[in-house]
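Reading through the structure tokens given below for one structure.
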Amino acid sequence: MSVYTKVERHELEAFLRHYSLGQLVEYRGISAGIENTNYFVTTTNGRYVLTLFEALSMEELPYFLDLMAHLAEHNVPSAHPEADNEGHYLRTLNGRPAALVLRLEGKSVDEPNQAQCAALGRALGHLHVVGQSFTGYRENQRGPHWWVETAEQVLPQLTGEDAELLDNEIAFQKQHRHDNLPRGVIHADLFRDNALFIGNKLTGIIDFYYACNDVLLYDVAVTVNDWCCDENGHFDAPRLEAFLDAYRQEREFTDAEQEAWPVMLRAAALRFWLSRLYDMHFPREGEITHIKDPLVFRRILARRIASRDSLSLHPGRDEGRGTRDEVF
């Protein structure tokens with residue numbers, strides 16, 4: 001979340017007249033995240049998040065808003081979009097598509113514990129199950145085709161060692177197809193700043209604007225690469241086990257998913273190393289912006305490559321198989 005499009009108070013007040021949400025009390029820009037313009041908005045009726053979409057079109061956005069409504073209505077802890085007085089989730093503001101969602105209670109966690117990882121794992125498993133009944137469809141816009149295109153743009157900006165690592169990983173991922181893996185709706189960006197907690201209770205999963213239909217295991221890999229790692233990219237065994245055990249209470253992994261797990265962890269690390277490299281070398285202008293460190297995912301990718309084939313979807317069963325680095 002960032003601010004690229006500035007909204008004046010009188011413009012927001014005019015926008016809110018299309019909703020039955022009371023009078024504007026206050027609003028402020030949000031600096032976390034990188035893709036869209038976001039504001040916290042407080043009215044006399046409640047607290048909301050206003051998003052102005054900087055890249056997604058009016059035609060693309062119903063997928064995300066309808067998905068958010070579907071998930072909230074199927075007991076996934078998430079924010080339901082607010083409909084305007086005509087029953088629409090989507091309007092325009094300052095030339096941008098715009099939507100309001102209820103602001104959830106809680107806050108993101110910087111250092112998640114085992115209980116929080118378990119709560120998130122269970123919620124992601126439930127999301128993957130109930131997402132099967134969602135009728136919308138969207139391809140992953142940050143999938144393998146995007147990796148190749150983005151790598152071509154950032155490679156000239158890299159040192160020899162980083163360029164070699166990126167070239168080699170792109171070539172490695174091209175050797176693997178995942179047609180036999182379960183697919184469905186995925187969040188695709190479930191980082192620590194996209195989940196809210198009060199204590200150990202998960203109060204909401206937010207920011208579904210990378211959501212799409214893709215391999216479910218990829219979503220798991222994206223999530224654990226952030227939630228269950230230390231600063232050097234090593235998996236924290238208790239957190240990883242808590243997450244995966246809770247996920248399996250909602251959806252069990254297949255044998256094909258176990259076989260693909262090491263490759264998928266590398267794919268998830270590659271995707272976010274690439275996006276952070278691109279944002280660093282080709283920054284967008286904005287009133288408030290936030291660019292995340294690409295070195296975090298360079299370290300994670302290097303660690304996953306070093307782990308080779310010893311990574312498991314059942315880490316608790318693998319105790320004693322080897323060193324911490326070999327197993328996790």
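Because the structure is predicted, anything quoted here is derived from the model rather than measured.
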Q. Below 6.0 angstrom between ring centroids: does that apply to Phe272 and Phe191?
A. yes
Q) Would a 4.5 Å heavy-atom cut-off, applied to side chains only, mark Leu216 and Gln132 as touching? A) yes
(Q) Under 6.0 Å from the ring centre and within 45 degrees of the ring axis: does the NZ or CZ of Arg271 meet both conditions for the six-membered ring of Trp146? (A) yes
Q. Among Glu105, Glu26, Glu82, which residue meets the salt bridge (charged side-chain N to carboxylate O under 4.0 Å, His left out) test with Arg47?
A. Glu105
Q. Do Asp230 side-chain atoms and Gly233 backbone N/O form a donor-acceptor pair below 3.5 Å?
A. yes
Q) On the ring face of Phe253, is Arg248 found with NZ or CZ under 6.0 Å from the centre and within 45° of the axis? A) no
(Q) Parallel, tilted or perpendicular, judged at 30° and 60°: which one describes the rings of Phe64 and Tyr209? (A) perpendicular
Q. Is Tyr27 close to Arg9 at the side-chain level, that is, under 4.5 Å between some pair of heavy atoms?
A. yes
Q) Between Asn38 and Val49, is any pair of side-chain heavy atoms under 4.5 Å apart? A) yes
Q. Strictly by modelled atom types, are Glu169 and Gln173 linked by a side-chain donor-acceptor pair under 3.5 Å?
A. yes
Q.
Using a 6.0 Å distance limit plus a 45 degree cone around the ring axis, check whether Arg276 lies over the aromatic ring of Phe297.
A. no
Q) Under the 3.5 angstrom rule, does the side chain of Asn168 hit a backbone N or O of Glu164 as a donor-acceptor pair? A) yes
Q) Looking at Asp110 and Arg192, does any basic side-chain N land under 4.0 Å from a carboxylate oxygen? A) no
**Q.** Basic-acidic side-chain contact under 4.0 Å: Lys292, Asp193
**A.** yes
Q.
Any carboxylate oxygen within less than 4.0 angstrom of a Lys/Arg side-chain nitrogen, looking at Glu60 and Arg138?
A. yes
Q: Classify the angle between the aromatic ring planes of His178 and His176 as parallel (below 30°), tilted (30 to 60°) or perpendicular (above 60°).
A: parallel
Q: Look only at the side chain of Glu139 and the backbone of Cys212, and say whether a donor-acceptor pair between them is shorter than 3.5 Å.
A: no
Q. ring-ring contact (aromatic ring centres under 6.0 Å, His included) with His128: which of Tyr218, Tyr247, Phe134?
A. Tyr247
